[in-house]
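The chains referred to below are lettered A, B, ... by the order of the sequence lines, with proteins before strands, and numbering in each begins at 1. None of the values given here were measured: they were computed from a predicted structure.
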Protein chains: 2
Amino acid sequence: MNEDKCIRKEEIDINALYDLSELFKVFGDSTRIRIISVLMDGEMCVYHISENLGMNQSAISHQLRILRSAGLVRPRRDGKTIYYSLDDEHVETIFKTGMEHILHKHND
Amino acid sequence: MNEDKCIRKEEIDINALYDLSELFKVFGDSTRIRIISVLMDGEMCVYHISENLGMNQSAISHQLRILRSAGLVRPRRDGKTIYYSLDDEHVETIFKTGMEHILHKHND
DNA sequence: ACAATATATGAATATATGTTCATATATAAC
DNA sequence: GTTATATATGAACATATATTCATATATTGT
């Protein structure tokens with residue numbers, strides 16, 4: 001009974017786990033991590049981000065799109081310029097916990 | 001002075017950020033996330049992990065090696081069997097924070 | 001409407017990565 | 001030592017992904 005309304009625990013898990021891996025995949029690229037890193041100091045426009053990382057504007061735009069789709073950054077338009085900032089606190093929390101892990105392992 | 005001993009802040013950062021992205025890359029695969037997920041219930045041997053995920057043993061061994069190199073899981077041998085468990089609390093913390101982000105975004 | 005500037009996007013290419021198959025290593029039982 | 005079992009590893013293949021180049025879109029100023 002209620003078979004079609006019922007979502008089994010396993011199904012929920014396997015979908016959630018897939019989404020979770022997709023989320024971490026977004027953190028798992030050095031360009032995107034560096035973008036997140038500079039945005040931790042506050043919002044920044046696309047050109048300044050690309051300048052900061054020493055990469056061309058197109059590459060940055062492509063990566064910003066991926067960060068945006070994952071809900072990690074948020075754009076704000078001001079005239080021709082678009083400023084990006086981190087979307088919520090989880091982004092910083094995940095970043096910092098990961099960094100703790102690294103530093104912890106490094107001191108063994 | 002002291003130029004060769006001195007590591008500039010930027011250099012530290014760029015290396016740490018690279019390592020950080022490498023760490024998240026390890027989380028960023030659905031097979032590895034599922035392995036971490038089952039190990040959150042306690043240690044498990046390779047065969048049972050592969051049974052649990054419905055994947056062949058070789059694929060699991062390959063992924064366990066990557067998880068091991070990243071310091072996320074730890075092996076314990078008992079006879080012919082090798083039991084794997086999560087290495088430290090950071091693994092669960094990162095996993096759970098990521099999951100929070102997902103659920104949070106899902107309820108918008 | 002036109003030119004200039006900021007950002008986004010599509011296609012192409014090069015590289016990285018996950019899985020499978022076959023096989024190697026390690027331990028235990030006999 | 002031989003056989004059986006558990007896990008690990010190397011090579012090959014298929015797929016995914018990041019960057020570049022060229023170009024499109026959007027906004028502003030004239």
Measure from CD1 on B/Ile82 to C1' on D/dT5 and round the result to the nearest Å. 12 Å
Partner set under side chain to side chain contact (heavy atoms under 4.5 Å, CB included) for A/Arg68, not counting sequence neighbours: A/Arg65, A/Val73, A/Pro75, A/Tyr84
Between D/dA18 atom P and A/Ile60 atom CD1, what is the distance in whole Å? 12 Å
Could you list the protein-to-nucleotides 15-18 of chain C atom pairs, N/O on both sides, closer than 3.5 Å?
from: C/dG18; atom 1: OP1; to: B/Arg32; atom 2: NH1; distance (Å): 2.7
from: C/dG18; atom 1: OP1; to: B/Arg32; atom 2: NH2; distance (Å): 2.7

Angle of first-five versus last-five pair axes in the helix from C/dA1-D/dT30 to C/dC30-D/dG1, to 10 degrees: 30°
Between the protein and nucleotides 21-30 of chain C, which nitrogen or oxygen pairs come in under 3.5 angstrom?
from: C/dC21; atom 1: N4; to: B/Ser58; atom 2: OG; distance (Å): 2.6

Please report, rounded to the nearest Å, how far the P atom of D/dT9 is from the CZ atom of B/Arg68. 6 Å
Could you tell me which residues satisfy salt bridge (Lys or Arg N to Asp or Glu O under 4.0 Å) with B/Glu43, sequence neighbours excluded, listed by chain and number? B/Arg76
A/Ser69 meets the side chain to side chain donor-acceptor pair (under 3.5 Å) criterion, sequence neighbours left out, with none
Report the distance from atom CD1 of A/Ile35 to atom P of C/dA8, rounded to the nearest whole Å. 11 Å
To the nearest angstrom, the OH-C1' distance between A/Tyr83 and D/dT27 comes to 14 Å
For B/Asp19, the side chain to side chain donor-acceptor pair (under 3.5 Å) test, sequence neighbours excluded, returns none
Cluster check B/Leu20, A/Leu103: I/L/V/M/F/W/Y, side chain < 4.5 angstrom: yes
All side chain to side chain donor-acceptor pair (under 3.5 Å) counterparts of B/Thr81, not counting sequence neighbours: none
May I ask you to say what A/Ser61 touches in the nucleic acid, namely base, sugar-phosphate or nothing, with a heavy-atom cut-off under 4.0 Å? base
By ring pair (Phe, Tyr, Trp, His ring centres under 6.0 Å), which residues pair with A/Phe27, not counting sequence neighbours? B/Phe24
In whole angstrom, give the distance that lies between atom CG of B/Leu67 and atom P of D/dT9. 14 Å
State which residues pass salt bridge (Lys or Arg N to Asp or Glu O under 4.0 Å) with A/Arg74; sequence neighbours excluded, sorted by chain then number. none
Partner residues of B/Lys96 under the salt bridge (Lys or Arg N to Asp or Glu O under 4.0 Å) criterion, sequence neighbours left out: B/Glu92
For the pair made of CG in B/Leu53 and P in C/dT20, what is the distance, rounded to whole Å? 12 Å
Quick one: list whatever passes side chain to side chain contact (heavy atoms under 4.5 Å, CB included) with A/Glu22, sequence neighbours left out. A/Tyr18, A/Lys25
Students often get this wrong, so: under 4.0 angstrom with heavy atoms, is A/Tyr84 touching a base, only sugar-phosphate, or nothing? sugar-phosphate
For the hydrophobic clusters of this structure (ILVMFWY residues joined by side-chain heavy atoms under 4.5 Å, transitively), does one cluster hold both B/Leu86 and B/Met99? yes
